[in-house]
Structures are given as C-alpha cells and as structure tokens.
Amino acid sequence: MVKVNLGGCSSFVKESDYKLYLGKALDAFDVLESETGAGNDFLGWKTLPIDTPESLIAECEAVRDDWKSQGIDLAVVIGIGGSYLGARCAIEALSHQFISPEGAIKVVFAGNNLSEEYLAELMDLVKQRNAACVVISKSGTTTEPAVAFRIVKEYLEKKYGKEAAANRIVAITDAHKGALKTLATQEGYRSFVVPDNVGGRFSVLTPVGLLPIVLAGFDVRTMLKGAADEREALLSKTEENPAVQYAAMRNLLYSVLGKKVEVLVSYNPKFQYLGEWWKQLYGESEGKEGKGIFPASVNFTTDLHSMGQFIQDGDRVMFETVVNVEKSRREVVIGSDPQNLDQLNYLAGKRVEHCNAMAQLGTKLAHIDGGVPQLEVSVSQIDEYNLGAIFYFFEFACGISAYVLGINPFNQPGVEAYKKNMFALLRKPGYEAQTEEILKRI
C-alpha cells in the first residue's frame, strides 16, 4: 500500500496552516466522494478496480494468445497522452531493462508524436518483425495517432491482405460513435470500449492500459487488486488518509509558500515513465484558470549530475515529491579490489541499493537545507500490485487536490488551442479562413 511521509516539509510550514489545508482537503474529499463537484460525469475511474469484469481480462488474454499462436512478436500500440502513458509506465516499470523474454510479444509505441524519423525507424522495426497493432482513440481523428495508424494499417494490409490484417488490428475506442468505431465495424476489427465516464489520463485501468500490459506479459489481475486495496484504504475520511495528506500539503506549499513547481523524484530508472504519466495527470487536471502547480520530474541519482545544481541553489520555486521504493527485487554486491585505485573498497560487501538509499537520504537533507520542502510517497517494491496501488493513489489524490484549488479536474479546455492553429497551417478543410491570419503572425 502507498504511504506518505510529510516530515521533509515540517521545517517549512506552520502546524496551523497544515491543519487549515487538511480541513480543505477533507472538504474536497467529500466533494469527490459525493460526486457533486465539477466534472462529476467523469468519475468512472473511481470504481474500475472493483468493477472490471473477469470477462474483459479474458478478452485481453484471448488477443494475446491468438497473436502468439500466429507467431506475432511485435505489437505497435498507437495512442497519445492518456492513451499510452499509463501502459508505457507499467510496461517500462515491470520489464527487464535489457532482455526481452523468449516468446514474449514486444510492445512499442507510436502515434504520440509527429516526428518523421521516429515513425520511419518504427516502420524499420515493423518490417523486420511479425507485427500487429492496437490503435487507441475515442474519435479516431486525433492527428498524431491517426497519422501513425494510417501508415501502419497500410503496411499491414499490403503485406498480409485486408482480411488477415484485420485480425492483426485491435481498436480501443468509443462504444457507439467516431471515425475509428466506424472503421472497426466496417473492417471487422476486434474492439474494446473506452468508457464514456473515464477521461484519458485516468484510463490506465481500462482496456486502454490493460490490453497493452497483458500483451507485454504482465498480470493485470494483480494490478487491479492493488488498486482495489488502495481504493479501500483511501475511502476513510480521516486526517491519516494519505491522499488527503498529500493533497493538503501540496496545496499549502503552493498557496501559502508560493511553491509553484512540484518535482516528482524517483531513484529507480524503472519509474521514469511514472513521472511522464504523473505529469499529464496533474498538469492536465490542475493547469487551468491561471492556477496550478507545474509538474516536473527527474530521475536521481542520474539527474543530480544535471539538475542537481538548480534544485540545490536555484530559484526557490519548487518542492519535491519522492517516490520511494522500499525494497529492491534484485541484489548486486560490490566487491573488493586489491589495488583500490577507484577508492571504493570502503563499500566492499555492501549492496548497490544501500548506496542508492544513502544517496537518497543525503540528497533529502541537502535539498531541505537548501530550501526545498520534500514529501515522500512510498511503495514496498515495483510489481503489478504496487503499480495498481500507486496509479489509484495519485488519481484519487489528484481529484482531491484540484477541488481544493477550485478547479474542475476532469476537463482540458486548453489543449485545443494548438490544434486549431496546426489545422489552419495544414489547410485542413474547414480551417482555411484562419490560415492567412495565422501566417501573418508568424
């Protein structure tokens, strides 16, 4: 289960202020739980851990087993934002970082950018492997995934024929409408539904995340169990509720101390994409109406050699939230060397993870001394159960925190501005009238 430690903030905040914001967070908890707040038609994520039917998991496994029986060894997952970040976070965290298991389906991601080189190199891989595709989009017209899908689909149909290619394509889309739903029906693609009441950044425990994670060979039942147990732990309206504590402290640091930037810190590179997923969750949920804490992420100790100087001595606009992993699942012991030229014999016999832990503690003390408050969010180890728990923890805390801020956590009105400009510059039908005006500005 997820634990929160606020001790690294105690020297910065007054107890009276914390009590005030704890009260605000408890009030926001009531709004979230009573489902009376702004965006309350997008709260389906709250019960996904207990409502996901076994039949849905079995359908995901049926796709995996069918593809493996055909010798398919590569799945291209096409989506952007919430349509790929949760799955990528889970797969990166759970996978061996250097070795793919024999017989496993390798999952790669596309449609999350418009880089020509990225897509060309992806197709180089597709042409070397026995490939299939999962395309994720409610509408089917979002530019980045639509471009990638058109190119991958064309290749699959050319190589295998339309009928055989259709068996290699799965659509995760709206239940009733949209271009992708229409295409999936016409072509006979296997389909999964993105629930209407779950926004993209909260969708990791829907088929959006579950199918790619199953394809990669991981246990989503255990992930849902971790999320369900975390949900149960967070349902109590108490001052000890870790989601309430996290939401209260981050809002206090922002509103009272003017800490405008939250840096999510991990000391394990397996959690790099946890930072990416978390940035979208909080940035898109809270960054509205001129408000919001800017979410950033770093990986220590790596980034201590690049960002460490700024965090230690730069503008005091930030606080840190450290995702602490209590136990490593592997063990590497440092040996002794007779020459000791690297002067590391004082570490002989110690585990590398011990060094990592001491680096984490030393950094905590240095950054607090440098004026950076620090929260800790802890899980016991990196596995499916704890990933499910931390996904649910951050989602639940996000809802509380945004309501404390007075923001609707579940809309994203600002993301359309760049699209309108891009469509006009690309001369998309319907946007031509804006093209000349935009060209004058650039």
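Nothing here was measured: the structure is a model prediction, and the numbers come from that model. For reference, positions follow the sequence shown, starting with 1.
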Exercise for the section: Output every pair passing salt bridge (charged side-chain N to carboxylate O under 4.0 Å, His left out) with a member in residues 356-367, not counting sequence neighbours, ordered by first then second residue. Expected result: K364-E376
Problem - Pairwise ring-ring contact (aromatic ring centres under 6.0 Å, His included) hits with a residue in residues 235-268, at least two apart - result: Y246-F393, Y246-F394, Y267-F300
Exercise for the section: Return each pair, listed once, that meets salt bridge (charged side-chain N to carboxylate O under 4.0 Å, His left out) where at least one residue sits in residues 196-216; pairs must be two or more places apart or across chains. Expected result: K138-D196, R201-E284
Problem - Donor on one side chain, acceptor on other, H367 and E320, under 3.5 Å - result: yes
Would you tabulate the side-chain donor-acceptor contacts of residues 82-89 under 3.5 Å, counting partners in other chains and residues two or more places apart, or write 'none'?
residue	atom	partner	partner atom	Å
R88	NE	E92	OE2	3.3
R88	NH1	Y273	OH	3.3

Exercise for the section: Using the salt bridge (charged side-chain N to carboxylate O under 4.0 Å, His left out) rule, collect all pairs that involve residues 16-26, keeping only residues at least two apart or in two chains. Expected result: K19-E239
Exercise for the section: Take V135 and Y189 through the test side-chain contact (heavy atoms from CB on, under 4.5 Å) and record every step on the way to the result. Expected result: CA-CA 10 Å; V135 57; Y189 301 156; 5.7 Å; no
Problem - Side-chain donor/acceptor of W67 to backbone N/O of N167, under 3.5 Å - result: yes
Handout entry: Selection residues 60-69 - residue pairs positive for salt bridge (charged side-chain N to carboxylate O under 4.0 Å, His left out), sequence neighbours left out
Key = E61-R221, D66-R190
Problem - Donor-acceptor pair between D313 and Q309 side chains, under 3.5 angstrom - result: yes
Problem - Whether S203 side chain and G200 backbone form a donor-acceptor pair below 3.5 Å - result: yes
Practice task
Could you tell me whether E33 and K237 have a side-chain N and a carboxylate O separated by less than 4.0 Å?
Solution key: no
Handout entry: Full working for side-chain contact (heavy atoms from CB on, under 4.5 Å) between I213 and E384
Key = CA-CA 10 Å; I213 295 166; E384 289 96 333; 6.0 Å; no
Practice task
Kindly check if the number of other-residue, nucleotide or ligand heavy atoms within 6.0 Å of NZ (K270) is above 12?
Solution key: yes
Problem - Donor-acceptor side-chain pairing of T301 and N356 below 3.5 angstrom - result: no
